[in-house]
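Here's the structure we're looking at; comments come further down.
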Amino acid sequence: MPLPQALLEEIERFKEAYGPGWDRRLRRLLREEVRRKGAKRELAAFMREVSGRSLLTEEEILARLEDSRGDP
């Protein structure tokens, strides 16, 4: 399956910007992005579970977590 032209142009710009080793850097950045998105999905699922059980909204849960983090 061929890549869209816009993506090919972005890859070429990345190659020029990072020179040798650009492919390793790109793979590392893509892996980090996949991990971040996975963590974000897991957090969203957890928040839905917790808010359903505690009858609090996600905002209230996050506010309580922030408050508890600030306490020594």
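Model, not experiment: these values are computed from the prediction.
- Under the rule for a salt bridge (charged side-chain N to carboxylate O under 4.0 Å, His left out), Glu59 has no partner lying at least two apart in sequence or in another chain.
- Here the closest heavy-atom approach between residue Ile11 and residue Leu3 is recorded as CD1-CD1, 4.2 Å.
- Distance alone, capped at 3.5 Å, is enough to place a donor-acceptor pair between the Glu60 side chain and the Thr57 backbone.
- With sequence neighbours excluded, the residues satisfying side chain to side chain contact (heavy atoms under 4.5 Å, CB included) with Tyr18 are Phe14, Trp22, Arg25.
- Arg24 is linked by a salt bridge (charged side-chain N to carboxylate O under 4.0 Å, His left out) to nothing, counting only residues two or more places apart in sequence or in another chain.
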Please table the atom pairs, donor to acceptor, closer than 3.5 Å between any side-chain atom in residues 31-42 and protein atoms at least two apart or in another chain.
{"from": "Glu33", "atom 1": "OE1", "to": "Arg36", "atom 2": "NH2", "distance (Å)": "2.8"}

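- Taking the salt bridge (charged side-chain N to carboxylate O under 4.0 Å, His left out) definition, one finds that Glu10 meets it with Arg13, sequence neighbours left out.
- Applying the side chain to side chain contact (heavy atoms under 4.5 Å, CB included) rule to Leu30 yields the partners Leu26; only residues at least two apart in sequence or on another chain are considered.
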